[in-house]
Enquirer: 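Before we start, here is the structure in question, set down as structure tokens.
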There are 2 protein chains.
Amino acid sequence: MIDPAGGRQNLGLLCFYPYRALEARLLAALAAAGFDDITTAQGRIAARIAPGGTRLTALAEQALVTKQTAGHLVDQLERAGYVRRVPDPTDARARLVQMAERGRQVVAVARRVEAEVEAEWTAHLGEEVAAQLRAALERLREVTDPYR
Amino acid sequence: MIDPAGGRQNLGLLCFYPYRALEARLLAALAAAGFDDITTAQGRIAARIAPGGTRLTALAEQALVTKQTAGHLVDQLERAGYVRRVPDPTDARARLVQMAERGRQVVAVARRVEAEVEAEWTAHLGEEVAAQLRAALERLREVTDPYR
DNA sequence: ACCATTCCGTCAGATCATCTGACCATCGTC
DNA sequence: GACGATGGTCAGATGATCTGACGGAATGGT
């Protein structure tokens, strides 16, 4: 976070640039495709919905926000028709957040853009370095992502 | 942003985990050191203050927020004694945001934590892979950071 | 020199994101 | 069946961010 201009930038900040670039690209592409009412916060929650649906609490944990915040964002996503809540058959307290049709359309666009961006990055780095980068990041995730 | 659980995660999202982990560590360490009134948004602005001071507009550009937002955050940092604004001798319209004494103390703590975290990551990955990771991220920055 | 244009920063107001604290219903266990 | 843990919501507060409008200062062309 704190790292003024100086030769060697810290690894964490270096990781931030690609992420931010991807997020900006995604948001722009989605807006261009007519999904112009999505915010980054909503996206970060939506990105964690598993195929069969995911509990609100699980979404909150993975996104590192409180369940209130997650609930708030899911409310918006639901009102906009991207997701729906269905009762969890295994637990009457819980509900599963699932992608609705409109949500699935968004995912399709997002996937395409992600592949596009990744192809650009690979072109810039070269196949080998890109593969090394992916491998290193995957290993780093073991110690930086508490919700694997 | 959109990338539900599935084998291969996209590179951008993989980049996010280390960044988030670092930011959390920094915030916790600063709070423990008595700087418990700093927010991540303030940190992201403060991180871009160059040694001699930086203009508000430049801070806003680099952090990818509007100058209004940057101004708001600098207001808070100034009120809390972390930074100060001085006239820019080369342009009467502009002012330079500089680190104040309290800000420099924060930077010192932050630097220490960053080094600590980076050492942990390097221990997990091994020297060679860590070096590859850094090199790849630095090259990736060429195409993902508009304000180098 | 003068004017138009551009740039730096602020003010005002709105909206979105996020948190803490309190609360209820249900689950699982002893 | 009573009790602590878990899933989720309600209410209220604060923080971060945006758009739009503006005033003062620099800059470049005529």
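Quantities reported herein were computed from a predicted structural model and do not represent experimental measurements. Side chains included, hydrogens not; waters and symmetry mates left out as well; all remaining heavy atoms used. Lettering follows sequence order; numbering is per chain, from 1.
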Enquirer: Side-chain heavy atoms nearer than 4.5 Å, only ILVMFWY residues, links allowed to pass through others: does that put A:Leu26 and B:Leu13 together?
Expert: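 Cluster IDs for A:Leu26 and B:Leu13 match.
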Enquirer: Suppose we screen for side chain to side chain contact (heavy atoms under 4.5 Å, CB included). Which residues come up paired with B:Ala70, at least two apart in sequence or across chains?
Expert: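 For B:Ala70 the side chain to side chain contact (heavy atoms under 4.5 Å, CB included) partners, ignoring immediate neighbours, are B:Ile45, B:Leu56, B:Ala60, B:Val65.
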Enquirer: What residues, two or more places apart in sequence or in another chain, satisfy salt bridge (charged side-chain N to carboxylate O under 4.0 Å, His left out) together with A:Glu127?
Expert: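 Residues passing salt bridge (charged side-chain N to carboxylate O under 4.0 Å, His left out) with A:Glu127: none at all.
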Enquirer: Could you list the residues that satisfy salt bridge (charged side-chain N to carboxylate O under 4.0 Å, His left out) with A:Arg84, not counting sequence neighbours?
Expert: none
Enquirer: Only counting residues at least two apart or in another chain, list the ones meeting side chain to side chain donor-acceptor pair (under 3.5 Å) with A:Glu118.
Expert: A:Arg134, B:Arg8
Enquirer: Separation of B:Gln62 atom CD from C:dC8 atom P, in whole Å?
Expert: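 Result: 13 Å.
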Enquirer: With A:Glu128, which residues qualify under salt bridge (charged side-chain N to carboxylate O under 4.0 Å, His left out), at least two apart?
Expert: none
Enquirer: Check whether A:Gln98 reaches the backbone of A:Gly52 with its side chain - one donor and one acceptor, N or O, closer than 3.5 Å.
Expert: yes
Enquirer: Of all the nucleotides listed (D:dC18, C:dT10, C:dC19), which has the minimum atom distance to the side chain of B:Arg85?
Expert: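 The nucleotide sitting nearest to the side chain is C:dT10.
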Enquirer: Measure the distance from CZ on B:Arg55 to C1' on D:dG24 and round it to the nearest whole Å.
Expert: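 Answer to the nearest Å: 14 Å.
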Enquirer: Taking side chain to side chain donor-acceptor pair (under 3.5 Å) as the test, write out the residues that go with A:Thr69, two or more places apart.
Expert: A:Thr66
Enquirer: Please give the angle, rounded to 10 degrees, between the axes at the start and the end of the helix from C:dA1-D:dT30 to C:dC30-D:dG1, where five pairs define each axis.
Expert: 30°
Enquirer: Quick one: B:Leu56 CG to C:dC7 P, roughly how many Å, whole number?
Expert: 16 Å
Enquirer: With a cut-off of less than 4.0 Å, is there a side-chain N or O of A:Arg44 near OP1 or OP2 of C:dC16?
Expert: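 No, A:Arg44 has no side-chain N/O under 4.0 Å of OP1/OP2 on C:dC16.
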Enquirer: So, is A:Thr39 near the phosphate of C:dA17, with a side-chain N or O under 4.0 Å from OP1 or OP2?
Expert: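 The answer is yes; a side-chain N or O of A:Thr39 sits under 4.0 Å from OP1 or OP2.
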Enquirer: Nearest whole Å is fine: how far is D:dT14 C1' from B:Asp36 CG?
Expert: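 Interatomic distance, CG of B:Asp36 to C1' of D:dT14: 16 Å.
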Enquirer: Could you list the residues that satisfy salt bridge (charged side-chain N to carboxylate O under 4.0 Å, His left out) with B:Arg95, not counting sequence neighbours?
Expert: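 Salt bridge (charged side-chain N to carboxylate O under 4.0 Å, His left out) check on B:Arg95 returns nothing, list empty.
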Enquirer: Can you give one letter per nucleotide of nucleotides 22-30 of chain C, 5' to 3': B if a protein heavy atom sits under 4.0 Å from the base, S if only from the sugar-phosphate, - if neither?
Expert: ---BBS---
Enquirer: Is the phosphate of C:dG9 approached by B:Thr57 (side-chain N or O, under 4.0 Å from OP1 or OP2)?
Expert: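 Looking at the OP1 and OP2 atoms of C:dG9, one of them is under 4.0 Å from a side-chain N or O of B:Thr57.
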Enquirer: Nearest whole Å is fine: how far is C:dG9 P from B:Ile45 CD1?
Expert: 12 Å
Enquirer: Under the side chain to side chain donor-acceptor pair (under 3.5 Å) rule, collect the residues that match up with B:Arg102, sequence neighbours excluded.
Expert: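 B:Tyr82.
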Enquirer: Round to the nearest Å and state the distance from A:Arg95 atom CZ to D:dT6 atom C1'.
Expert: 16 Å
Enquirer: What residues form a side chain to side chain donor-acceptor pair (under 3.5 Å) with B:Arg93, not counting sequence neighbours?
Expert: B:Asp91
Enquirer: Mind running a 4.0 Å heavy-atom check of residues 69-84 of chain A against DNA chain D and sending the residues that fall below it, in number order?
Expert: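 The stretch gives none, as no residue of it lies under 4.0 Å from the strand.
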Enquirer: Just how far, in rounded Å, is C1' of C:dT18 from CD of B:Gln42?
Expert: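 Spelled out: CD on B:Gln42 to C1' on C:dT18 is 15 Å.
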